[in-house]
Amino acid sequence: MSTPEREAQVRAGLAGVRARIERACHAAGRDPGGVTLVVVTKTYPASDVELLAGLGVVDVGENRDQEAAAKAAAVSAPMRWHFVGQLQRNKCRSVVTYADVVHSVDGVRLAETLAGAAQRHRERALSVLVQVSVDGDPARGGAVRGGDADRDLERVAAAVAAAPALRLAGVMAVAPMDWAPDAAFAALAEVSADLRARYPEATMISAGMSGDLEAAIAHGATHVRIGSAVLGTRDKLR
Ligand SMILES: *Cc1c(COP(=O)(O)O)cnc(C)c1O
């Protein structure tokens with residue numbers, strides 16, 4: 001159960017973020033209807049998700065399977081669950097049972113494992129974004145243009161597109177710490193345009209977090225993933 005204090009906090013956080021999205025869209029000459037707010041609820045309880053549902057939020061994001069699976073089972077409101085964290089192949093079977101969108105597919109083998117799990121354990125195709133490494137650093141998550149066989153962006157996209165149980169929906173990125181968000185999201189927009197030339201349905205661009213949603217919207221983000229600016233600062237860094 002939520003307290004009235006918590007509800008007031010979340011309501012205020014949400015109003016602030018919705019206002020930021022509107023202003024950013026206005027500045028970019030974009031229709032705010034073209035930007036979906038995904039509230040990242042990691043570390044926060046299922047009761048916060050119910051609160052968000054009551055405030056009109058449909059899309060919520062999680063980054064760990066164990067936490068997400070339990071929360072999705074505990075929430076009765078009909079949410080769209082976005083899996084935004086690094087995904088291990090042994091978690092695919094679980095993730096496909098509750099996720100509507102997976103933002104973080106960055107390997108050919110991962111795409112194949114996810115496709116197999118989706119084929120066996122769900123009825124509707126699973127929407128998948130290819131996570132792009134903007135700086136090409138293989139140590140962090142993300143597929144890389146011209147990368148090695150498993151992490152090559154083209155091959156990852158092709159593996160997703162070839163799987164009947166997956167739908168290639170677009171791209172996702174996290175701005176590298178040492179890059180200006182503007183430069184990072186401009187690079188992502190280019191990758192997205194390239195991809196759409198070959199896969200016209202791959203229109204989603206998942207970019208922007210609490211600190212950089214304005215830059216992401218300026219560069220065409222269709223989905224922003226916002227945690228702390230709505231729900232408060234998380235205890236642990238994750
Ligand atoms: C936690 C997280 C977010 C949200 O981050 P905030 O800075 O709290 O808005 C967005 N994307 C991913 C992949 C995350 O793990």
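Quick note: numbers below take in every heavy atom, side chains included, and nothing from hydrogens, waters or symmetry partners. Both counts, for ligands and for their atoms, begin at 1 and track the order of listing.
- Per-residue contacts place Arg225 under 4.0 angstrom from the following atoms of ligand 1 (heavy atoms of the residue considered): 4 (C), 9 (O), 10 (C), 11 (N), 12 (C), 13 (C).
- Within 6.0 Å of CD in Gln86 there are 12 or fewer heavy atoms belonging to other residues, nucleotides or ligands.
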Just list the side-chain donor-acceptor pairs under 3.5 Å for residues 24-35, sequence neighbours left out, or say none.
residue, atom, partner, partner atom, Å
Arg30, NH1, Ile217, O, 3.0
Arg30, NH1, Ala221, O, 2.9
Arg30, NH2, Ala221, O, 2.9
Asp31, OD1, Gly33, N, 2.8

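- By the 3.5 Å distance cut-off applied to N or O atoms, Gly227 is counted among the residues near ligand 1.
- Using a 4.0 angstrom heavy-atom cutoff, His103 does not count as in contact with ligand 1.
- Linking ILVMFWY side-chain heavy atoms closer than 4.5 Å, directly or via other members, places Val60 and Tyr44 in a single hydrophobic cluster.
- Under a 4.0 Å N-O distance rule, the pair Arg198/Glu154 qualifies as a salt bridge.
- The contact set between ligand 1 and Ile226, taken as ligand atoms under 4.0 Å from a residue heavy atom, comprises 9 (O).
- Here atom 8 (O) of ligand 1 lies nearest to Arg234 when heavy atoms of Arg234, Met209, Lys42 are compared.
- Taking OG1 of Thr113 as the start and NZ of Lys91 as the end, the distance is 14.0 Å to the nearest 0.5 Å.
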